[in-house]
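Computed from a predicted structure; not experimentally measured. As the structure lists them, so they are numbered: ligands from 1, and atoms in each ligand from 1.
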Amino acid sequence: MNDCLFCKIIGGDIPSKKVYEDDTVFAFRDIAPQAPTHILVVPKVHIPDCNGITDENSDVVAHIFTVIPKIAAAEGLTNGYRVVSNCGSDAGQTVQHLHFHILGGKALALQMA
Ligand code: AMP
Ligand code: ZN
């Protein structure tokens, strides 16, 4: 039994506003946007967080970083955007399935911590 929220979204068991999908990657709009454009990009394979990236599965992460600029372009983020991945409780990670936030559509605050 997989209780992972993002696995359920990928599987269509929980609805989402999909913006991109291919064989290995799924992207959808964040339910609580922190910027005018706030999209989550996730691998379809369940990886808990950045600490779960290995030599065996890092190809999907490399692929995600080729997908991110395509999504940003499709969203019209011509003036830039931020990519964020929270890893663990100190970073505020709330969903234990590796994901990359795309944030843009305005000049973002520079605070990093
Ligand atoms: P993080 O805090 O980095 O783990 O990010 C998890 C993100 O998932 C947060 O920005 C939430 O707003 C978002 N989120 C939680 N539930 C959903 C959902 N059902 N659909 C879309 N985004 C969600
Ligand atoms: Zn998952």
Could you tabulate the donor-acceptor pairs under 3.5 Å formed by side-chain atoms of residues 102-113, not counting sequence neighbours?
from: Gln111; atom 1: NE2; to: Ala113; atom 2: O; distance (Å): 2.9

query: If waters are left out, how many protein N/O/S atoms lie within less than 2.8 Å of the Zn ion (ligand 2)?
result: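 My tally for this metal is 4.
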Of all the heavy-atom pairs spanning [X] and [Y], show the shortest one and how long it is.
| X | Y | answer |
| --- | --- | --- |
| Leu98 | Ser85 | CD1-OG, 3.8 Å |
| Cys7 | His46 | SG-ND1, 3.6 Å |
| Thr54 | Asn57 | N-OD1, 2.8 Å |

message: Do Pro43 and Ile64 make a side-chain contact, defined as non-hydrogen atoms from C-beta onward lying under 4.5 Å apart?
response: yes
message: Do Val83 and Phe65 make a side-chain contact, defined as non-hydrogen atoms from C-beta onward lying under 4.5 Å apart?
response: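 A side-chain contact under 4.5 Å exists here.
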- request: For Asp22 and His63, test the side chains for any donor-to-acceptor distance below 3.5 angstrom and give the result as yes or no.
  value: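 Distance-only check passes for Asp22 and His63.
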query: With sequence neighbours excluded, what pairs up with Glu21 under the salt bridge (charged side-chain N to carboxylate O under 4.0 Å, His left out) test?
result: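 Listed in chain order: Lys18, Lys44.
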task: Output the set of protein residues with a heavy-atom contact under 4.0 Å to ligand 1, ordered first by chain identifier and then by residue number.
output: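 Correct list: Leu5, Phe6, Ile9, Phe28, Arg29, Asp30, Ile31, Ala32, Leu40, Asn86, Gly92, Gln93, Thr94, Val95, His99, His101.
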query: Can we say Glu75 and Arg29 salt-bridge, meaning some charged N sits less than 4.0 Å from an Asp/Glu carboxylate O?
result: yes
